[in-house]
Trainee: 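Sending over a structure as structure tokens; questions will come in a sec.
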Amino acid sequence: MVDSGKMTLTYFDLYGRAEAARQILTHGKVEFTDARVSGPTFQAFKDSGKCPGGQVPVLEADGICMNQSQAIARFCAMKTGIYNSADPKACWRDDMVINTIEDFATTMPKMENGRPTIFAMFGEAAMD
């Protein structure tokens, strides 16, 4: 296990922008608190001053509240040794994967409720 101090990852109780960081920390055997927010708890979190930009995910680590899902994922990957910052080609490869996933998330078709179609894959209801 990587000695990274106490980390808290705060996001909604769903798959989404924090999932890459959750998976990286879990794969890297890093103990972290997986804080899930919704409705009133999200508003309370925003009001706490620990929510840069007023949005989640937020990773609290090393005394800093970090935002932006891709930056959080890279930070977690560096902490676990998955992201080899000493090898520029490896960084490009990893960033290319992250950016491709982001492209899919932002350009994919939306459901009737406006949410990306991929969210239907993680729900309990069958997809049309």
Side-chain angles (χ1 to χ4, degrees):
M1 178 197 293
V2 175
D3 181 16
S4 56
K6 183 72 169 176
M7 290 186 180
T8 300
L9 181 64
T10 303
Y11 192 64
F12 302 113
D13 190 18
L14 51 84
Y15 295 108
R17 296 194 177 273
E19 196 58 28
R22 286 180 184 141
Q23 290 180 4
I24 291 165
L25 292 170
T26 300
H27 176 75
K29 297 180 175 47
V30 174
E31 290 184 30
F32 70 102
T33 300
D34 188 7
R36 309 283 178 122
V37 294
S38 64
T41 58
F42 175 54
Q43 187 59 50
F45 182 69
K46 283 173 59 172
D47 294 342
S48 73
K50 294 183 174 185
C51 193
Q55 64 189 109
V56 289
V58 170
L59 178 69
E60 295 177 63
D62 302 330
I64 299 170
C65 292
M66 304 173 202
N67 63 338
Q68 296 298 340
S69 57
Q70 291 182 23
I72 290 169
R74 281 187 195 91
F75 175 85
C76 293
M78 285 183 210
K79 286 289 226 180
T80 61
I82 296 170
Y83 189 92
N84 182 1
S85 60
D87 181 348
K89 287 182 183 173
C91 289
W92 165 79
R93 181 200 61 228
D94 295 345
D95 288 345
M96 180 267 307
V97 170
I98 290 169
N99 293 141
T100 299
I101 291 168
E102 183 68 18
D103 287 346
F104 284 131
T106 58
T107 61
M108 70 179 49
K110 306 281 191 254
M111 297 184 293
E112 290 177 10
N113 63 6
R115 297 178 72 198
T117 306
I118 196 162
F119 288 150
M121 295 173 58
F122 300 111
E124 295 182 19
M127 292 178 63
D128 294 335

Trainee: Any side-chain heavy atom of F32 sitting closer than 4.5 Å to one from T26?
Mentor: yes
Trainee: Quick test of your reading of the model: are D62 and K79 salt-bridged, counting only N-O distances below 4.0 Å?
Mentor: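 A salt bridge is present here (some side-chain N lies under 4.0 Å from a carboxylate O).
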Trainee: Roughly how far, to the nearest 0.5 Å, is the CG atom of L9 from the CG atom of L25?
Mentor: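 Going from CG on L25 over to CG on L9, the span is 7.0 Å.
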Trainee: With the side chain counted from C-beta on, respond yes when P57 and I72 share a heavy-atom pair under 4.5 Å apart, and no when they do not.
Mentor: yes
Trainee: I need the minimum non-hydrogen distance between G53 and N67, along with the two atoms involved.
Mentor: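 In this case the closest contact between G53 and N67 is N-ND2, 4.5 Å.
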Trainee: Which heavy-atom pair separates C91 from S85 by the least distance, and what is that distance?
Mentor: SG-CA, 3.6 Å
Trainee: Sort out for me which residue in V37, T10, D47 forms a side chain to side chain contact (heavy atoms under 4.5 Å, CB included) with F42.
Mentor: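 Of the listed options, the one satisfying the test is V37.
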Trainee: Got a second to check how far C76's SG is from L59's CG, nearest 0.5 Å?
Mentor: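 Reported value, rounded in 0.5 Å steps: 5.0 Å.
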Trainee: How far apart are the C-alpha atoms of Q55 and K46, what are their side-chain angles, what is the distance that settles it, and do they pass the side-chain contact (heavy atoms from CB on, under 4.5 Å) test?
Mentor: CA-CA 7 Å; Q55 64 189 109; K46 283 173 59 172; over 6 Å; no
Trainee: Taking side chain as C-beta onward, heavy atoms only, is E60 less than 4.5 Å from M66?
Mentor: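 No, every pair of side-chain atoms sits at 4.5 Å or beyond.
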Trainee: Would a single hydrophobic cluster contain both Y83 and W92, if residues Ile, Leu, Val, Met, Phe, Trp and Tyr are joined by side-chain heavy-atom contacts under 4.5 Å?
Mentor: no
Trainee: Check the pair M7, F75 against side-chain contact (heavy atoms from CB on, under 4.5 Å), reporting the backbone distance first and the verdict last.
Mentor: CA-CA 12 Å; M7 290 186 180; F75 175 85; 3.9 Å; yes
Trainee: Answer whether the closest heavy-atom distance between the side chains of F45 and V56 falls below 4.5 Å.
Mentor: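 Result yes, sub-4.5 Å side-chain heavy-atom pair found.
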Trainee: Are M96 and I98 linked, directly or through other ILVMFWY residues, by side chains that come within less than 4.5 angstrom of each other?
Mentor: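 Different hydrophobic clusters.
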Trainee: Above 12 or not: heavy atoms from other molecules or residues under 6.0 Å from CZ of R17?
Mentor: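 It does not: R17 CZ has 12 such atoms or fewer within range.
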Trainee: Taking Y11 for its side chain and A35 for its backbone only, find out whether a donor-acceptor pair lies under 3.5 Å.
Mentor: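 Answer holds: no.
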Trainee: Flag the pair D95 and R93 as a salt bridge only when some basic side-chain nitrogen lies within less than 4.0 angstrom of an acidic carboxylate oxygen.
Mentor: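 Salt bridge: no.
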Trainee: Does R36 reach the side chain of T41, with side-chain heavy atoms less than 4.5 Å apart?
Mentor: no
Trainee: Answer whether the closest heavy-atom distance between the side chains of H27 and T80 falls below 4.5 Å.
Mentor: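 Side chain of H27 against side chain of T80, heavy atoms only: no contact under 4.5 Å found.
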Trainee: Under 4.5 Å between any side-chain heavy atoms of V30 and I24, yes or no?
Mentor: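 V30 does not reach I24 side chain to side chain.
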Trainee: Assess the residue pair S38 and D13 against the criterion (side-chain contact (heavy atoms from CB on, under 4.5 Å)); give the C-alpha distance rounded to whole Å, side-chain angles, the decisive distance to 0.1 Å, and a yes or no.
Mentor: CA-CA 7 Å; S38 64; D13 190 18; 6.0 Å; no
Trainee: Are the side chain of S48 and the backbone N or O of K50 linked by a donor-acceptor pair below 3.5 Å?
Mentor: yes
Trainee: Hey, could you give me the CD1/CD distance between I82 and Q23, rounded to the nearest 0.5 Å?
Mentor: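 Output value for this atom pair is 10.0 Å.
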